[in-house]
Q: 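Sharing a structure, written as structure tokens. Questions coming.
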Amino acid sequence: MLAPAAVLAAVLMQAASGAGKAAGPWILACDVATPGSTSAAAAHRTFRLGPQLFQEWKPDERRFGANLCLSFKCSADRDRLEGTLSSNSLILTIQVDPARKSASWRTVGASGLSRTTGPCSLAPDTGQMEKRR
């Protein structure tokens with residue numbers, strides 16, 4: 001009877017570790033259109049996104065800021081990671097599909113942006129960004 005329990009425990013541990021690896025954290029570089037800009041002009045914003053982790057790169061400080069999941073909505077499941085910044089008039093959502101290795105951003109609300117969606121480049125977080133200080 002002990003052998004089946006040990007096999008089940010090993011399978012559950014393997015599934016949990018595999019899910020964690022697929023879920024990130026990821027580094028996303030997004031060209032978010034700015035108010036009044038043409039579709040060619042954009043503001044480059046970099047994020048780190050993982051399960052219950054959502055941070056924006058602070059270029060002047062050369063580090064990631066506070067975990068935005070502490071103040072804003074974040075969600076994670078096997079198929080998607082998502083972080084959302086919101087105000088009374090605007091919602092910005094950053095989303096990663098780890099299986100497809102794709103990421104995107106979208107806005108909803110009174111943004112005044114020329115584009116409301118777009119792709120983000122995606123790379124695994126190797127910790128190298130903050131080591132360049």
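We number each residue from 1, following the sequence as shown.
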Q: Hey, what do you get for OG (S121) to CH2 (W26), rounding to the nearest 0.5 Å?
A: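 Separation between the atoms: 12.0 Å.
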
Q: Can you measure from CZ (R100) to CG (D79) and round to the nearest 0.5 angstrom?
A: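 The distance works out to 9.0 Å.
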
Q: Mind checking whether D97 and R80 have side chains closer than 4.5 Å, heavy atoms only?
A: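 D97 vs R80: side chains apart.
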
Q: Of all the heavy-atom pairs spanning A76 and P51, show the shortest one and how long it is.
A: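 Scanning both residues, the minimum pair turns out to be CB-CA, 3.9 Å.
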
Q: According to a hydrophobic-cluster definition based on side-chain heavy atoms being under 4.5 Å apart (Ile, Leu, Val, Met, Phe, Trp, Tyr only), do L53 and L92 belong together?
A: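 L53 and L92: separate clusters.
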
Q: Work out which heavy atom in V96 is nearest to a heavy atom in A103; give both atom names and the distance.
A: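 Looking at all heavy atoms of both residues, the shortest contact is CG2-CB, 4.1 Å.
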
Q: Any chain of hydrophobic side-chain contacts (each under 4.5 Å) joining L28 to L85?
A: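 Looking at the clustering, L85 is in the same group as L28.
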
Q: Of all the heavy-atom pairs spanning T107 and R115, show the shortest one and how long it is.
A: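 Taking every non-hydrogen atom into account, OG1-O, 4.4 Å.
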
Q: Quick one, I27 and F64 - any side-chain contact, counting heavy atoms below 4.5 Å?
A: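 Yes, their side chains come closer than 4.5 Å.
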
Q: Would you indicate whether the side-chain heavy atoms of L122 and C120 approach each other to under 4.5 Å?
A: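 SC-SC contact between C120 and L122 ruled out.
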
Q: Find out whether R62 and W57 are in side-chain contact, i.e. whether some heavy atom of one side chain is under 4.5 Å from a heavy atom of the other.
A: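 Yes, at least one pair of side-chain atoms sits under 4.5 Å.
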
Q: Rounded to the nearest 0.5 Å, how far does OG of S75 lie from CZ of F54?
A: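 OG of S75 is found 10.5 Å from CZ of F54.
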
Q: How close do C30 and F47 get, counting heavy atoms only, and between which atoms?
A: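 The pair with the smallest heavy-atom distance is SG-CD1, 4.1 Å.
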
Q: Measure the spacing between OG of S104 and CD of Q95 and express it to the nearest 0.5 Å.
A: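 CD of Q95 is found 5.0 Å from OG of S104.
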
Q: Walk me through it: do I91 and K73 pass the test side chain to side chain contact (heavy atoms under 4.5 Å, CB included)?
A: CA-CA 11 Å; I91 300 169; K73 181 181 172 191; over 6 Å; no

Q: What is the minimum heavy-atom distance between H44 and D31, and which atoms define it?
A: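 Result for this residue pair: ND1-OD1, 3.2 Å.
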
Q: T84 and side-chain contact (heavy atoms from CB on, under 4.5 Å): which single residue from T93, I94, L68 fits?
A: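 Only one option passes, and that is T93.
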
